[in-house]
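What you are looking at is a predicted structure, and each value in this text was computed from that prediction instead of being measured. A, B, ... follow the sequence lines: proteins, then strands. Residue 1 opens every chain.
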Amino acid sequence: MIRFFDTLRGEVVPFEPLVPGEVRLYTCGPTVYNYNHIGNYRAYVFEDLLKRFLVFMGYKVVHVMNITDVDDKIIRDAGAKGVPIADFVKVYTDAFFEGLAALRIAPADRYPRATEHIPDMVRIIQGLLAKGYAYRKDGSIYFSIAKFPGYGKLSKIKRDELKTTSRIGARIEADEYEKESAQDFALWKAPKPGEPSWDTALGPGRPGWHIECSAMSSKYLGETFDIHCGGVDNIFPHHENEIAQSEAFSGKPFVRNWLHCHHLIVDGEKMAKSKGNQYTLADLAARGISPVALRFLLLGTHYRKVLNFTFEAVDQAKAAVQRIQDFAYELDHRAFPEGAAGPDVSRLVAESDRKFRQGLSDDLNIAAGLTAAFELVREANALIARNAVGKADAEVLKAALRSFDRVLAVLPEAKDETLPADLAALIDERERVRSARDFKRADEIRDVLLSRGIVLEDTRDGVRWKRVRQ
RNA sequence: GGCGCGGUACCCAAGUGGCUAAGGGAGAGGUCUGCAAAACCUCGAUUCGCCGGUUCGAGUCCGGCCCGCGCCUCCA
């Protein structure tokens, strides 16, 4: 049985999708006004783990992730640069998708854009007006949270405390706003000069932030769907407001399971532009950090815990990934004796598979999952060292490792990589001088290859090479 | 002030009442090797932020305290 922590209920609960065997998943995507930093990607990697695990467990997953391509910051920053919004947004949207691919995040089924769903949002806002949940004020339309009794149920905030419990220094004076209540939020914003505006049945203007997710999730996943994810910072106000809008409009429960990922900090401190620790993938690439090592690092801390990013932890993640990759390499390249699969390997594979499933089924306990995966690696290596693994065993182990990797996604994609001719020639030369016992020259060649990212291993079956990332 | 997460070996990180406190990294010793690499074997917390309490028994439950971090109107 799979169990997840549900933010709304505040406890770990059995996971039961609305339609057996199928999971409808909505994950909050980026607002494309800047390059994503590793904190953003932590959330996406967590969602990838969730989705890959569900697929691994046999579910069909329909995954939708929004792209917010109109909002205050986009308008502000595009304006400051003097760039058309469409061009401005494209740069960061493209970078976002590159980042997903680099981190081996399995693509969603759809990436709906806010600007392409204005009519869907208008329809919901019209409905909310008709039902009395929304009101007009100076060309804008607001949602009245007083009309929605369940307001605050996700974030555990009591409506009457909202006014007084705001962070010190950030209190909101009701009269600064043109709303009936300071806590009401905008569904539709009146047009302003220089801002994008749509002419709709509501009048001219642009959508508020929250309404897009209500519109696009219900359009593609239904008015009630299984899982909605995001960072903890989205709990309030974003997801709280989504619930209010969606449930007020449809009269049905919006989401069955809310999963929120905690934040990433760097060297024990919150990321901040002023601290210069808001790393992007490009920043890390410039330091020679491979995306797969980063993926493993982001994956390795349970999603409901704060992840402390350090460069030491990156090195450790890299070493751990290397261990798994080396094991796969061994299975692919070692000359195993002929023979049928033996009971030791079968038992090992069955046991680690059981632990892997059981671990991740427990609210995505990734540590338990990784323990199972490393158990397979360690025990199989021990059997190999004792010469107890035949060809058929190796195939069974390979299949098991590939199976885990459907979730972890850290193994090299394609093999059969060919070595540049000059490097291949060097390896041949080294073999010649080695048999002539000219070890000085042999070691020189090894150093040359290492500087090109190639490690040589002399085995009983001959020399072999592999690539290492710096 | 409200809501929430966490303090377990040098580092990362499981474990939520009971066999010898997972796993990974780093480290030490050994096997193998021309030397390496990889792999394997061995070692590594009498102890789980601190103080009380409950219990035959607590890292695990209860109370108190200390420390770190996050969210509280648009930041994943």
Side-chain angles (χ1 to χ4, degrees), chain A residues 7 10 27-31 34 36-47 68 71-73 152 155-158 161-162 164-168 170 172 177 182-186 208-210 229-238 240-241 260-265 268-272 278 296-297 300-302 304-308 310 312-313 315-324 326-327 329-330 334 355 359 365-375 377-378 380-386 434 437-440 442-443 446 450 455-460 464-466 468:
Chain A
T7 306
T27 60
C28 273
T31 299
N34 207 338
N36 280 142
H37 52 64
I38 52 177
N40 300 118
Y41 283 111
R42 189 220 177 164
Y44 307 144
V45 167
F46 145 64
E47 288 152 3
T68 301
D71 97 322
D72 295 353
K73 288 192 293 286
S155 51
K156 322 296 182 212
I157 288 173
K158 294 185 184 67
E161 287 178 1
L162 261 179
T164 51
T165 58
S166 290
R167 181 188 351 159
I168 296 155
I172 298 149
Y177 285 73
Q183 297 80 45
D184 290 349
F185 57 91
W209 174 36
H210 315 293
C229 298
V232 285
D233 54 304
N234 278 155
I235 295 172
F236 189 87
H238 185 48
E240 194 69 62
N241 291 351
H260 290 98
C261 167
H262 277 63
H263 277 188
L264 176 155
I265 58 178
E269 294 186 310
K270 182 186 164 95
M271 283 191 299
Q278 272 192 340
F296 190 87
L297 175 64
T301 296
H302 184 82
R304 283 194 291 120
K305 286 183 78 170
V306 173
L307 191 163
N308 186 19
T310 64
E312 186 185 357
D315 289 340
Q316 295 181 5
K318 182 183 163 192
V321 167
Q322 190 68 50
R323 178 161 165 84
I324 296 171
D326 282 345
F327 177 59
Y329 186 89
E330 190 71 16
R334 192 182 177 98
K355 286 183 182 168
N365 185 339
I366 185 63
L370 290 175
T371 294
F374 280 109
E375 181 176 290
V377 173
R378 177 168 33 80
N381 271 328
L383 289 171
I384 291 171
R386 269 184 266 137
R434 238 160 61 85
R437 305 194 64 80
D438 178 1
F439 297 121
K440 186 165 177 288
D443 290 346
R446 194 192 345 247
L450 186 60
V455 166
L456 294 184
E457 299 183 345
D458 299 319
T459 75
R460 276 180 310 183
R464 65 191 193 187
W465 61 272
K466 68 185 181 192
V468 288

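As judged by a 4.0 angstrom heavy-atom cut-off over every strand, Gly39(A) is placed among the base-contacting residues. Backbone-only contact: His302(A) has heavy atoms under 4.0 Å from sugar-phosphate atoms and none from a base. Within 4.0 Å of Gly268(A), counting heavy atoms only, lie sugar-phosphate atoms of the nucleic acid but no base atom. Residue Asn241(A) is classed as having no contact, given no heavy-atom separation below 4.0 Å to the nucleic acid.
For the pair Ile38(A) and Lys440(A), both in contact range of RNA chain B, the more 5′-proximal nearest nucleotide belongs to Lys440(A). Each of Glu47(A) and Ala372(A) was matched to the nucleotide of RNA chain B holding its nearest heavy atom; the match closer to the 5' end belongs to Ala372(A).
Going from the C1' atom of G23(B) to that of A45(B) covers 15 Å, rounded to whole Å. Taking atom P on both nucleotides, U54(B) is separated from A22(B) by 30 Å, rounded to a whole Å. As rounded to the nearest Å, G59(B) and U47(B) have C1' atoms that lie 9 Å from one another. Taking the C1' atoms as reference points, C43(B) lies 35 Å from C61(B), given to the whole Å. Annotation: C19(B) and G30(B) have their C1' atoms spaced 30 Å apart (nearest Å). C12(B) sits 28 Å from G52(B) when the P atoms are compared, rounded to a whole Å. Rounded to whole Å, the separation between the C1' atoms of C62(B) and C71(B) comes to 28 Å. Taking the C1' atoms as reference points, U60(B) lies 11 Å from G18(B), given to the whole Å.
A straight line from CG of Leu307(A) to C1' of C69(B) spans 13 Å, rounded to a whole angstrom. Nucleotide G23(B) holds its C1' atom 11 Å from the CD1 atom of Ile324(A), rounded to whole Å. Here G4(B) presents its P atom at 19 Å from CG of Asn234(A), a figure rounded to the nearest Å. Between Lys355(A) atom NZ and A14(B) atom C1' the separation is 13 Å, expressed in whole Å. Taking atom CD on Glu240(A) and atom C1' on C74(B), their separation rounds to 14 Å, with Å as the unit. Between the P atom of C71(B) and the CG atom of Leu264(A) lies a distance of 12 Å, rounded to the nearest Å. For the pair Lys156(A) NZ and C71(B) P, the computed distance is 19 Å after rounding to whole Å. Across the protein-nucleic acid pair, Asn34(A) atom CG and C74(B) atom P stand 17 Å apart, rounded to whole Å.
A side-chain donor-acceptor contact under 3.5 Å links Glu240(A) to the backbone of Ser155(A).
In this structure, the side-chain hydrogen bond (donor to acceptor under 3.5 Å, both in side chains) partners of Glu457(A), at least two apart in sequence or on a different chain, are Arg464(A), Lys466(A). Scanning for side-chain contact (heavy atoms from CB on, under 4.5 Å) contacts around Arg378(A) gives Arg323(A), Glu375(A), with sequence neighbours left out. With sequence neighbours left out, His37(A) forms a side-chain hydrogen bond (donor to acceptor under 3.5 Å, both in side chains) with Asn40(A).
Contact between Gly300(A) and Leu370(A) at its shortest, heavy atoms only, is CA-CD1, 4.4 Å. The two residues Phe46(A) and Cys261(A) make their nearest non-hydrogen contact at CD2-CB, 3.4 Å. Considering all non-hydrogen atoms of both residues, Thr7(A) and Lys156(A) come closest at O-NZ, 3.3 Å.
You'll find the side chain of Ile157(A) reaches within 4.5 Å of the side chain of Phe236(A), heavy atoms only. Glu269(A) is not listed as a side-chain neighbour of Asn308(A), based on a closest heavy-atom distance of 4.5 Å or more. No side-chain heavy atom of Val306(A) sits less than 4.5 Å from a side-chain heavy atom of Leu264(A). Residues Arg42(A) and Thr301(A) form a side-chain contact, since some pair of their non-hydrogen atoms from C-beta on lies under 4.5 Å apart. Counting heavy atoms from C-beta on, the side chains of Lys305(A) and Leu307(A) never come closer than 4.5 Å.
Centre separation under 5.5 Å together with a plane angle under 30° does not hold for the ring of His263(A) and the six-membered base ring of G70(B), so they are not marked as stacked. Both stacking criteria are satisfied for Phe439(A) over the base of G34(B): a centre-to-centre distance under 5.5 angstrom and an angle between ring planes under 30 degrees.
Under the 3.5 Å distance criterion, with hydrogens and angles disregarded, a donor-acceptor pair is assigned to the side chains of His263(A) and Asp233(A).
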Output one line per pair: protein atom, nucleotide atom from nucleotides 37-40 of chain B, and distance, for all N/O pairs under 3.5 Å.
residue, atom, partner, partner atom, Å
A38(B), O4', Glu457(A), OE2, 3.4
A39(B), OP1, Arg323(A), NH1, 3.3
A39(B), O3', Asn381(A), ND2, 3.3
C40(B), OP1, Arg323(A), NH2, 3.4
C40(B), OP2, Arg323(A), NH1, 3.4

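Side-chain to base pairing of Asp233(A) with G70(B): no donor and acceptor N or O lie closer than 3.5 Å to each other.
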Pairing pattern in dot-bracket form [Watson-Crick, G-U; both distances under 3.5 Å; | = partner strand] for RNA chain B: ((((((((.[[[..)..(....]]].(((((.......))))).....[[[[[..)....]]]]])))))))....

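Regarding contacts with the backbone of C71(B), a side-chain N or O of Lys270(A) is found under 4.0 angstrom from either OP1 or OP2. Contact annotation: Thr301(A) reaches the phosphate of A13(B) (side-chain N/O to OP1 or OP2, under 4.0 Å).
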Quick one: what's the B/S/- string for nucleotides 6-11 of chain B, heavy-atom cutoff under 4.0 Å, read 5' to 3'? S----B

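Note: Trp209(A) and His238(A) have parallel aromatic rings, judged against thresholds of 30 and 60 degrees for the angle between ring planes.
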